[in-house]
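Each chain gets a letter, A, B and so on, in the order its sequence line appears, and its residues count up from 1.
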There are 2 protein chains.
Amino acid sequence: MPHTSRYQSHDKHYVAIDSIIFGFDDDTLKLLLIKRKFEPCKGCWSLMGGFVAANESVDEAADRILEELTGLKDIYLEQIHTYGEVNRELDARVISVAYYALINIKDYDEELGRSHGAEWFSIDEIPPLIFDHGEMVGKAMRRLKRKTIIQPIGFELLPEKFTLSQLQSLYEAIHQQNFDKRNFRKKILSMEVLTQLNEKDKVSSKRGAYLYKFDKDKYDYLIANGSFFVLK
Amino acid sequence: MPHTSRYQSHDKHYVAIDSIIFGFDDDTLKLLLIKRKFEPCKGCWSLMGGFVAANESVDEAADRILEELTGLKDIYLEQIHTYGEVNRELDARVISVAYYALINIKDYDEELGRSHGAEWFSIDEIPPLIFDHGEMVGKAMRRLKRKTIIQPIGFELLPEKFTLSQLQSLYEAIHQQNFDKRNFRKKILSMEVLTQLNEKDKVSSKRGAYLYKFDKDKYDYLIANGSFFVLK
DNA sequence: GTTAATGGGTGTAAATATAACACTAATTAT
DNA sequence: ATAATTAGTGTTATATTTACACCCATTAAC
């Protein structure tokens, strides 16, 4: 008997992706949700999702589905958990792998989003969500908080050039707490992964604030040499 | 058209569990591996695994599979990651959800394990593993290290009653580093989740060392009231 | 052109947490 | 009696974290 037949006695399952898509705008952390256009629960708010196809990896499916909604490629995406309760969806058994994505809200394709019924919600004004999506969002938030303490992934949510005040607002939005300005700047600059530019942003202040960019090469170098990024 | 038909255009997949089973014995952190009894790669070392059935949740499948190998129920099991590369196994496309388990090695059913070709390996003498199982073990180790810093799950690996020296050995094995005895005891006792018993363990010393047990109720109470367990 | 308003930028001291360190105690085996 | 073994205990130095307040540069309004 060919050994492949060993598999045939087992059950197969639909495997889906659900994406928790974070963006940052207006000093607020936001979440992209879609209004379901089909039953069950047509009209409910839901995370963006889709099914894993036979010819793509689970990670690839997550990338593809994110691109379908936002038009964006090469986005920071991280798997958080797989939800496998038998009855977690109503009509069929679907095992869902949840990912969270960090996108720069300015790059997001609003047209495309609208065509999917997508809308941004402030993180503290999330409507009730279908199935176990609320739980997924909670887990993603906790993961994001934890992760931004030990890895500078928060930068993914900002434009390439940003001021220290913007960065602080972002961290405050993620951690839902205020940080002391002097301590924050001291700490973030002491990590030596930001490069100060010879440009100022004058949008939010009259004096103008220096723009910085994240130096990924330097970050990678430091990590490779055993340094460790710890915020807070 | 009934909305259930929406699902029918999607692919279904085999979904498996792979379990990274940690135990602690002889001052060493160990891993339970099985020698494969079937192709592909018969004779290779592998993690314990199995398939998720239609009538059970993914977590239930993980429990069931662990019980099949160890005879143990109600074991600490935590999902770590889902591995979804198309060709990660050789014969068929299998999406695998990895879990790690912490078991008290004394409770483990050796007979049953042997019948599955299972053997314990010291964490620093792990043989090459099949497929992406080595990667899974690495991720589980990192997760265990991190988790034991912020949550007292390490206790799952010890008998109900243990000495502070045993606990320290366990933490040293998990973190692969030595801790200062006085600092370790100070810190662990200051968390106030250990109860000292009126019994001594005389196995490992002539003088005898006080036995302690983990006070889960107190721990839950402290967590519920916002305290936070932080080792190190 | 003076002034008011706005967000930008900076240093120090106190408090807390972490890390380093060495001897005595109790028991058993010889 | 004594040698060997693991248990148990406090203090000081160092590093990290927190708290805290004023001047700066520019623009807009008068």
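- A:Lys139 has its side chain out of reach of A:Tyr100: every pair of non-hydrogen atoms, C-beta onward, lies at least 4.5 Å apart.
- When heavy atoms are screened at a 4.0 angstrom cut-off, A:Lys202 is found touching the sugar-phosphate backbone but no base atom.
- The residue among A:Asp180 and A:Gly208 whose nearest nucleotide of DNA chain C is located toward the 5' end is A:Gly208.
- By the 4.5 Å heavy-atom criterion applied to side chains, B:Ile75 and B:Glu67 are not counted as neighbours.
- Following rounding to the nearest Å, A:Ile188 (CD1) and D:dT17 (P) show an atom-to-atom distance of 13 Å.
- For the pair B:Asp27 CG and D:dT6 P, the interatomic distance rounds to 10 Å; values are reported in whole Å.
- In the set D:dC20, D:dA7, C:dG8, the nucleotide with an atom closest to the side chain of A:Arg182 is D:dC20.
- Of the side-chain N and O atoms in A:Lys187, one or more sit less than 4.0 angstrom from OP1 or OP2 of D:dT17.
- One can place CZ of B:Arg185 at 18 Å from P of C:dA19, the figure rounded to the nearest angstrom.
- Which of C:dG7, D:dT5, D:dA7 sits closest to the side chain of B:Lys206 comes down to D:dT5.
- B:Thr163 comes within contact range of no nucleotide atom at all, as no heavy-atom separation falls under 4.0 Å.
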Report task. Kindly determine whether A:Leu157 and A:Ile174 satisfy side-chain contact (heavy atoms from CB on, under 4.5 Å), including the steps that lead there. Result -> CA-CA 11 Å; A:Leu157 289 159; A:Ile174 291 175; 4.1 Å; yes
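- The nucleotide whose nearest atom lies closest to any side-chain atom of B:Asn183 is, among D:dT27, C:dA20, C:dG8, C:dA20.
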For a ring pair (Phe, Tyr, Trp, His ring centres under 6.0 Å) check, start with the C-alpha distance between A:Phe131 and A:Tyr83, then their side-chain angles and the critical distance, and finish with the verdict. CA-CA 11 Å; A:Phe131 305 150; A:Tyr83 292 82; over 10 Å; no
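- Looking at every heavy atom in both residues, B:Thr163 comes nearest to B:Ala209 through CG2-CB, 3.8 Å.
- Here A:Lys186 lies in heavy-atom contact (under 4.0 Å) with a base.
- Separating the CG atom of B:Leu211 from the C1' atom of D:dA7 is a distance of 13 Å, rounded to the nearest angstrom.
- In this structure, CD of A:Gln196 is placed 11 Å from C1' of C:dG9, rounded to the nearest angstrom.
- Spacing between atom CZ of B:Phe179 and atom C1' of D:dG8 amounts to 19 Å, rounded to whole angstrom units.
- The shortest distance between side-chain heavy atoms of A:Glu172 and A:Phe179 falls below 4.5 Å.
- Side-chain nitrogen and oxygen atoms of B:Ser204 include none within less than 4.0 Å of the OP1 or OP2 phosphate oxygen of D:dT6.
- Taken over five-pair windows at either terminus, the axes of the helix from C:dG1-D:dC30 to C:dT30-D:dA1 are inclined to one another by 0° (rounded to 10 degrees).
- A salt bridge is absent between A:Lys35 and A:Glu119; no separation between the charged side-chain nitrogens and carboxylate oxygens falls under 4.0 Å.
- With values rounded to the nearest 0.5 angstrom, A:Phe22 atom CZ is found 12.0 Å from A:Ile105 atom CD1.
- Protein atom CZ of A:Arg207 is 9 Å distant from nucleotide atom C1' of C:dT10, rounded to whole Å.
- Checking A:Lys181 against B:Ser205, the closest nucleotide of DNA chain D that is more toward the 5' end is the one next to B:Ser205.
- Across the protein-nucleic acid pair, B:Leu189 atom CG and D:dA7 atom C1' stand 13 Å apart, rounded to whole Å.
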